Amino acid sequence: QVQQKRWKVETNSRLDSVLLLSSMNLPGGELRRRSAEDELAMRDYLQEGDLISAEVQSVFSDGAVSLHTRSLKYGKLGQGVLVQVSPSLVKRQKTHFHDLPCGASVILGNNGFIWIYPTPEQKDEEAGGFTTNLEPVPLSDREVISRLRNCIVALVTEKLMLFDTSILYCYEASLPHQIKDILKPEVMEEIVLETRQRLLDLEG
């Protein structure tokens with residue numbers, strides 16, 4: 001919902017979260033006081049149904065969360081696939097943005113929302129995180145994204161923690177199979193077993 005000087009955001013928590021107009025970079029990355037014009041243009045930046053990546057700035061005493069998108073790596077999400085998983089299966093790490101070597105990137109939200117998208121060719125520093133690239137995504141990229149999505153579903157079904165290495169190992173283990181076959185219970189089990197073994201070998 002777009003409210004006065006703030007957006008209300010669904011973040012899979014008990015209460016809706018708040019993103020203040022003053023807690024985001026304006027397009028162009030300029031830093032200045034927010035004016036009435038900015039408030040009128042709020043819907044140009046974000047509107048209902050948009051997906052965003054943001055960082056938790058603070059938690060209020062009632063449990064509501066305040067967000068910010070101050071850094072240019074946050075902002076509106078463009079083309080990609082959203083997977084919702086149990087937050088307990090997302091491993092906490094220093095960074096939750098990963099460019100995987102298979103050609104796609106993932107954002108592993110601590111709230112269980114996972115975003116899979118084509119790795120951008122160049123990091124667009126000028127846009128302030130609010131221009132969305134709506135170019136058609138090539139078939140090869142869509143196949144990688146679909147495979148990653150099914151691998152994440154497989155890991156979640158088999159209760160394996162999600163982090164960059166487990167997702168990549170699962171992706172590699174799934175390559176002999178067709179994308180749609182990854183969701184077959186017996187294939188799922190086999191791929192995740194191999195992933196689990198490789199993770200154990202890594203620790204060992």
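Here the structure is a predicted model, which is why all the values come from computation and not from measurement. Side chains are part of it too, since the values below use all heavy atoms of this structure and drop only hydrogens, waters and symmetry mates.
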Find the distance between CZ (Arg147) and CD (Gln178) and round it off to the nearest 0.5 Å. 8.5 Å
Should Leu199 and Ser166 count as side-chain neighbours, where that means a heavy-atom distance under 4.5 Å? yes
Within a strict 4.5 Å, meaning less than it, do heavy atoms of the His98 and Thr95 side chains meet? yes
Do Ile152 and Ile167 come within less than 4.5 Å of each other through their side chains, counting heavy atoms only? yes
Taking the side chain from Asp50 and the backbone from Gln47, do they hold a donor-acceptor pair closer than 3.5 Å? yes
Test of understanding: clusters of I, L, V, M, F, W, Y form through side-chain heavy atoms closer than 4.5 Å, transitively. Do Val81 and Phe113 belong to the same one? no
Any side-chain donor near an acceptor of the partner, Gln79 and Tyr117, under 3.5 Å: no
In sequence, state the C-alpha distance, the side-chain angles, and the governing distance for Asp201 and Arg198, and then conclude on salt bridge (charged side-chain N to carboxylate O under 4.0 Å, His left out). CA-CA 5 Å; Asp201 294 347; Arg198 278 188 72 186; over 6 Å; no
Closest heavy-atom contact between Trp7 and Met42? CZ2-O, 3.4 Å
State plainly whether one hydrophobic cluster holds both Val137 and Ile116, where clusters connect Ile, Leu, Val, Met, Phe, Trp and Tyr through side-chain heavy atoms under 4.5 angstrom apart. no
Would you kindly confirm whether Leu89 and Val106 end up in one hydrophobic cluster when ILVMFWY residues are joined by side chain heavy atoms under 4.5 Å apart? yes
Using a 3.5 Å distance criterion without hydrogens, assess whether the side chain of Asn12 forms a donor-acceptor pair with backbone atoms of Asn111. yes
Interatomic distance, CG@Leu67 vs CG@Leu20, rounded to 0.5 Å, equals 9.0 Å
For a quick test of reading the model, state the closest non-hydrogen atom pair linking Ala173 to Thr195 and the distance between them. CB-OG1, 4.2 Å
Sidechain-backbone polar pair: Asn150 side chain, Leu183 backbone, donor-acceptor under 3.5 Å: no
Please report the closest heavy-atom contact between Pro87 and Asn110, naming both atoms and the distance. CB-O, 3.5 Å
Leu108 and Leu162: which non-hydrogen atoms are nearest, and at how many Å? CD1-O, 4.2 Å
Rounding to 0.5 Å, atoms CD (Glu37) and CD (Glu39) come to a distance of 10.5 Å
For the side chain of Arg6 and the backbone of Leu21, is there at least one donor-acceptor N/O pair under 3.5 Å apart? no
Side-chain heavy atoms nearer than 4.5 Å, only ILVMFWY residues, links allowed to pass through others: does that put Val156 and Ile182 together? no
Partners of Arg196 by side-chain hydrogen bond (donor to acceptor under 3.5 Å, both in side chains), sequence neighbours excluded? none
Separation between CD (Glu186) and CD1 (Ile191), nearest 0.5 Å, reads 10.0 Å
Is it true that a side-chain atom of Asp141 and a backbone atom of Pro138 form a donor plus acceptor pair closer than 3.5 Å? no
Less than 4.5 Å apart, side chain to side chain, heavy atoms only: is that true for Ser71 and Glu55? no
Residue pair Asp16 / Gln1, side-chain donor-acceptor N/O under 3.5 Å: no
Could you tell me whether a side-chain N or O of Lys76 sits under 3.5 Å from a main-chain N or O of Leu51, the two making a donor and an acceptor? no
Using side-chain heavy atoms (C-beta onward) and a distance below 4.5 Å, is Lys5 in contact with Arg34? no
Between Thr119 and Asp99, do the side chains contain a donor N or O and an acceptor N or O under 3.5 Å apart? no
Give me each pair satisfying ring-ring contact (aromatic ring centres under 6.0 Å, His included) with a member in residues 155-179, each pair once, sequence neighbours excluded. none
Within a strict 4.5 Å, meaning less than it, do heavy atoms of the Val18 and Val65 side chains meet? no
For Gly63 and Leu15 the tightest heavy-atom approach is C-CD1, 4.0 Å
Which value, rounded to the nearest 0.5 Å, describes the distance between Gln57 atom CD and Leu19 atom CG? 9.0 Å
If you define the side chain from C-beta out and look only at heavy atoms, does anything of Val85 sit under 4.5 Å from Ile114? yes
Taking atom types as modelled, find out whether Arg70 and Ser23 have a side-chain donor-acceptor pair closer than 3.5 angstrom. no
Kindly compute the distance separating SG (Cys102) from CG (Leu175), expressed to the nearest 0.5 Å. 8.5 Å
Against Leu100, only a single residue in Val144, Leu148, Thr165 fulfils side chain to side chain contact (heavy atoms under 4.5 Å, CB included); can you say which? Leu148
Treating Ile, Leu, Val, Met, Phe, Trp and Tyr as nodes and any side-chain heavy-atom pair under 4.5 angstrom as an edge, say whether Leu193 and Leu155 lie in one connected cluster. no
Heavy-atom nearest pair, Ala154 first then Val192, reads O-CG2, 3.7 Å
Cation-pi check, Lys73 onto Phe97 ring (under 6.0 Å, within 45° of axis): yes
With a 4.5 Å cut-off on side-chain heavy atoms, are His68 and Met24 touching? no
